[in-house]
A.B. asks: 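Questions regarding the structure given below will be posed in turn.
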2 protein chains.
Amino acid sequence: MIEFHVDRADSLPAYAQLVRQVREALRLGVLKPGDRLPAVRDVVVSCTVNANTVLKAYKELEHGGLVEARQGSGTFVTGSLGAVEPHDMARLRTGLSRWVAEAREAGLEDEDVKALVTAVLAEEPAAARRDAGHGAAARRDARQGAGA
Amino acid sequence: MIEFHVDRADSLPAYAQLVRQVREALRLGVLKPGDRLPAVRDVVVSCTVNANTVLKAYKELEHGGLVEARQGSGTFVTGSLGAVEPHDMARLRTGLSRWVAEAREAGLEDEDVKALVTAVLAEEPAAARRDAGHGAAARRDARQGAGA
DNA sequence: GTAATTGTTATGGTCAAGTAGAACACTAGT
DNA sequence: ACTAGTGTTCTACTTGACCATAACAATTAC
């Protein structure tokens with residue numbers, strides 16, 4: 001059972017933090033299809049937020065096809081996020097870590113790093129990704145609606 | 001003279017987009033100390049935003065010690081951001097671009113990429129950077145208050 | 001069937017951020 | 001002095017996020 005935690009100091013709104021945590025848990029395999037999310041009322045207590053806030057998060061996840069709410073029983077994980085192989089994830093993290101160190105050495109602040117990342121992501125949009133197919137297709141096909 | 005462009009679809013507020021653009025221009029050397037920023041009213045017209053929005057951006061930059069507003073004359077660049085060498089910046093961008101391609105191939109969505117970047121940045125905070133000094137110190141010392 | 005547990009909807013209110021419009025104040029060129 | 005160009009201030013509106021409360025609806029266990 002995933003444990004939520006909401007940081008009110010974070011600029012990211014509470015409901016969005018919940019969404020993010022579920023998505024990350026899916027990536028890391030902490031949550032799998034069939035798992036149940038904490039009851040709305042539990043999150044209300046544990047995170048000191050309002051039921052509407054939790055609902056908003058759950059709704060957003062449901063809309064993305066990641067979970068399914070069953071009145072009376074709970075909210076269950078139905079979709080997958082193509083759970084990146086732990087090995088791949090580790091490799092990516094190491095690579096990124098190395099790059100970040102390089103960027104910092106060049107004098108970039110965290111904020112600038114984020115800006116650069118955003119710029120690069122925008123610069124090569126989805127369309128460009130089609131050309132890349134080096135066996136990524138299989139892994140991508142295993143995914144479900146979330147990103148759509 | 002820098003040219004602003006505001007994307008209202010972006011989740012980032014208009015004033016923040018302006019701030020980011022100035023900071024990026026400083027990094028890239030597009031803006032140098034002494035340069036004048038576009039007049040508030042010009043930005044109002046070219047970006048279809050309100051004077052207050054522009055003011056808010058300029059104020060934030062001024063508060064960061066990057067620019068100085070002189071009533072009646074204009075807003076001028078006074079600080080530097082340690083302008084990353086164009087060569088270094090190009091190298092970083094290429095490296096990041098390569099990494100992003102790899103991440104996408106592994107199935108990560110843009111949102112997840114950003115989350116991972118944030119995580120890595122948080123994981124190795126400023127303190128850890130002191131160990132890295134491979135000649136980065138000189139460049140870092142050339143900077144001014146902006147990041148503080 | 002009843003009760004407990006769960007998700008859901010509705011109403012209304014608070015608060016902060018972002019934005020807008022109009023008027024004001026300073027500076028420089030003529 | 002006048003004027004055009006500049007930054008600045010004031011007030012108010014809109015929106016999104018959030019909270020409080022209450023009632024409703026479906027499922028499950030007894």
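Treat the numbers as computed from the prediction; the structure is a model and nothing was measured. Each chain gets a letter, A, B and so on, in the order its sequence line appears, and its residues count up from 1.
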A.B. asks: If you find the nucleotide of DNA chain D closest to B:Gly72 and the one closest to A:Pro13, which residue's nucleotide is nearer the 5' end?
C.D. replies: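 Nearest-nucleotide comparison on DNA chain D picks B:Gly72.
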A.B. asks: Does C:dT9 have OP1 or OP2 sitting under 4.0 Å from an N or O in the side chain of A:Lys59?
C.D. replies: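 The answer is yes; a side-chain N or O of A:Lys59 sits under 4.0 Å from OP1 or OP2.
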A.B. asks: Taking only the side-chain heavy atoms of A:Gln71 (C-beta and beyond), determine which of C:dG18, D:dA25, D:dC19 contains the nearest atom.
C.D. replies: D:dA25
A.B. asks: Check the pair A:Glu60, A:Lys56 against salt bridge (Lys or Arg N to Asp or Glu O under 4.0 Å), reporting the backbone distance first and the verdict last.
C.D. replies: CA-CA 6 Å; A:Glu60 192 160 312; A:Lys56 188 168 185 175; over 6 Å; no
A.B. asks: In whole angstroms, how far is the P atom of C:dT6 from the CD atom of A:Glu68?
C.D. replies: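 Rounded to whole Å, this separation is 18 Å.
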A.B. asks: Taking atom types as they are modelled, would you say the side chain of B:Arg41 forms a donor-acceptor pair with the base of D:dT6 within the 3.5 Å cutoff?
C.D. replies: yes
A.B. asks: Is a donor-acceptor pair below 3.5 Å formed from side chain B:Asn50 to base C:dG21, judging by atom type as modelled?
C.D. replies: yes
A.B. asks: May I ask you to say what B:Ala14 touches in the nucleic acid, namely base, sugar-phosphate or nothing, with a heavy-atom cut-off under 4.0 Å?
C.D. replies: sugar-phosphate
A.B. asks: Specify the separation, in whole Å, of atom CG of B:Leu18 and atom C1' of C:dT19.
C.D. replies: 13 Å
A.B. asks: Roughly how far, to the nearest 0.5 Å, is CZ of A:Arg20 from OH of A:Tyr15?
C.D. replies: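 Rounded to the nearest 0.5 Å, the OH-CZ separation comes out at 12.5 Å.
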A.B. asks: Taking only the side-chain nitrogens and oxygens of B:Tyr15, find out if one of them lies under 4.0 Å from OP1 or OP2 of C:dG18.
C.D. replies: yes
A.B. asks: Output yes when A:Glu109 and B:Arg23 qualify as a salt bridge under the 4.0 Å nitrogen-oxygen rule, no when they do not.
C.D. replies: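 Between B:Arg23 and A:Glu109 there is no salt bridge, as every charged N stays at least 4.0 Å from the carboxylate O atoms.
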A.B. asks: Should A:Thr75 be listed as having a side-chain N or O under 4.0 Å from OP1 or OP2 of C:dG7?
C.D. replies: yes
A.B. asks: Quick one: B:Asp7 CG to C:dG18 P, roughly how many Å, whole number?
C.D. replies: 16 Å
A.B. asks: What is the minimum heavy-atom distance between A:Asn50 and A:Val44, and which atoms define it?
C.D. replies: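 Heavy atoms only, the tightest pair is C-CG2, 3.9 Å.
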A.B. asks: For the side chain of A:Asn52, counting heavy atoms from C-beta on, which of C:dG7, D:dT21, C:dC26 is nearest?
C.D. replies: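 Within the option list, the nearest is D:dT21.
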A.B. asks: Measure from CG on B:Leu37 to P on D:dG7 and round the result to the nearest Å.
C.D. replies: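 Going from B:Leu37 (CG) to D:dG7 (P), I get 9 Å.
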A.B. asks: Is the phosphate of C:dG18, meaning OP1 or OP2, less than 4.0 Å from a side-chain N or O of B:Lys56?
C.D. replies: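 Yes, B:Lys56 has a side-chain N/O under 4.0 Å of OP1/OP2 on C:dG18.
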A.B. asks: Do B:Arg36 and B:Thr75 make a side-chain contact, defined as non-hydrogen atoms from C-beta onward lying under 4.5 Å apart?
C.D. replies: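 In short, these two side chains do not touch, never coming nearer than 4.5 Å.
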A.B. asks: Would you kindly give the CG-to-C1' distance between B:Leu55 and C:dA22, to the nearest whole Å?
C.D. replies: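 So the CG-C1' distance, B:Leu55 to C:dA22, works out to 14 Å.
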A.B. asks: Taking CD from A:Glu60 and P from C:dG7, how many angstroms apart are they, rounded to a whole number?
C.D. replies: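 My rounded result for the distance is 18 Å.
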A.B. asks: Between B:Arg36 and D:dT6, does any side-chain N or O lie under 4.0 Å from OP1 or OP2?
C.D. replies: yes
A.B. asks: For the pair made of CD in A:Glu62 and C1' in C:dT8, what is the distance, rounded to whole Å?
C.D. replies: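 In whole Å, C:dT8 C1' lies 11 Å from A:Glu62 CD.
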A.B. asks: Starting at OH of B:Tyr58 and ending at C1' of C:dT19, how long is that distance when rounded to a whole Å?
C.D. replies: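 Answer to the nearest Å: 17 Å.
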A.B. asks: Quick one: is D:dC19 close enough that its OP1 or OP2 comes under 4.0 Å of any side-chain N or O from A:Arg8?
C.D. replies: yes
